[in-house]
Amino acid sequence: MMLALSTLTIDPFGAQLLALKPGSTSLGDTARRVSRVATLDGGAALLDGGYTVADRTVSIDLTGQTKTVVDDLKYLCETYEKLLVLTEDGAFLAAPERVSLGVNSARMTLLVTGVAEIKL
């Protein structure tokens, strides 16, 4: 699977094309925003807020990467509030929440904020 990360502004170090091992990355669950509250009659009241991509969390697990790739992911997390994330599911805007660093490895967590509009 391929995944691309990019900044929203021009940055010579702001783009990464990552080849990911199967099972090493999670593109998030599909879920609806549903709240359930117990009622006095023993039943339940539901509030269904519907589905939104903003409930997704993308987790990227990179092992066996070069130090340059790991350093670039750290740079993106430290420098940018939002990134463009391109996956096989679509293009999303996401906030980099955290990068956990190891020896030649990294795990990056991105909080999706919405679908990206790409204008050419």
Colleague: Surrounding CG of Leu46 (heavy atoms of other residues, nucleotides or ligands, distance under 6.0 Å), is the total greater than 12?
Modeller: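 More than 12 heavy atoms, drawn from other residues, nucleotides or ligands, come within 6.0 Å of this atom.
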Colleague: Can you tell me how far the CG atom of Leu17 sits from the CE atom of Met2, to the nearest 0.5 Å?
Modeller: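 Rounded to the nearest 0.5 Å, the CG-CE separation comes to 3.5 Å.
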Colleague: Regarding Asp89 and Thr87, is there a side-chain donor-to-acceptor distance under 3.5 Å anywhere?
Modeller: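 No, no side-chain donor-acceptor pair sits under 3.5 Å.
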Colleague: Between CG of Asp61 and OG of Ser100, what distance do you get to the nearest 0.5 Å?
Modeller: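 Output value for this atom pair is 9.5 Å.
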Colleague: Does the side chain of Asp71 reach to within under 4.5 Å of the side chain of Phe13, using non-hydrogen atoms?
Modeller: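 No. Closest side-chain heavy atoms not under 4.5 Å.
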Colleague: Is it true that Arg33 and Asp55 make a salt bridge, defined as a side-chain N closer than 4.0 Å to a carboxylate O?
Modeller: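 Salt bridge present between Arg33 and Asp55.
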Colleague: Please step through side chain to side chain contact (heavy atoms under 4.5 Å, CB included) for the pair Val112 and Val85, ending with a clear verdict.
Modeller: CA-CA 9 Å; Val112 174; Val85 181; over 6 Å; no
Colleague: Does Tyr51 OH have over 12 foreign heavy atoms under 6.0 Å away?
Modeller: yes
Colleague: Between Arg107 and Val99, does a side chain to side chain contact (heavy atoms under 4.5 Å, CB included) hold up when you go through it step by step?
Modeller: CA-CA 6 Å; Arg107 181 166 184 81; Val99 173; over 6 Å; no
Colleague: Could you go through Leu110 and Leu5, starting from their C-alpha distance and side-chain angles, then the distance that decides it, and tell me whether this counts as side chain to side chain contact (heavy atoms under 4.5 Å, CB included)?
Modeller: CA-CA 10 Å; Leu110 300 148; Leu5 294 174; 3.9 Å; yes
Colleague: Can you list the steps and then say if Leu84 with Leu8 is a side chain to side chain contact (heavy atoms under 4.5 Å, CB included)?
Modeller: CA-CA 7 Å; Leu84 179 62; Leu8 302 178; 4.0 Å; yes
Colleague: Given Asp72, which partner from the list Thr68, Val70, Leu76 fulfils the side chain to side chain contact (heavy atoms under 4.5 Å, CB included) test?
Modeller: Thr68
Colleague: Spell out, yes or no, whether Leu111 and Leu18 are grouped together once hydrophobic residues are joined by side-chain heavy atoms under 4.5 Å, including indirect joins.
Modeller: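 No.
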Colleague: Same cluster or not: Leu83 versus Leu101, using hydrophobic residues (I, L, V, M, F, W, Y) connected whenever any side-chain heavy atoms lie under 4.5 Å apart?
Modeller: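 Yes.
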Colleague: Starting at CG of Asp48, measure out to CZ of Arg36 and round the result to the nearest 0.5 Å.
Modeller: 13.0 Å
Colleague: Looking at every non-hydrogen atom in both residues, tell me the closest pair between Met108 and Pro96 and how far apart they are.
Modeller: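 Looking at all heavy atoms of both residues, the shortest contact is CE-CB, 3.9 Å.
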Colleague: Which heavy atom of Leu86 sits nearest to which heavy atom of Ala91, and what is that distance?
Modeller: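 Nearest heavy atoms, Leu86 then Ala91: CD2-CB, 3.3 Å.
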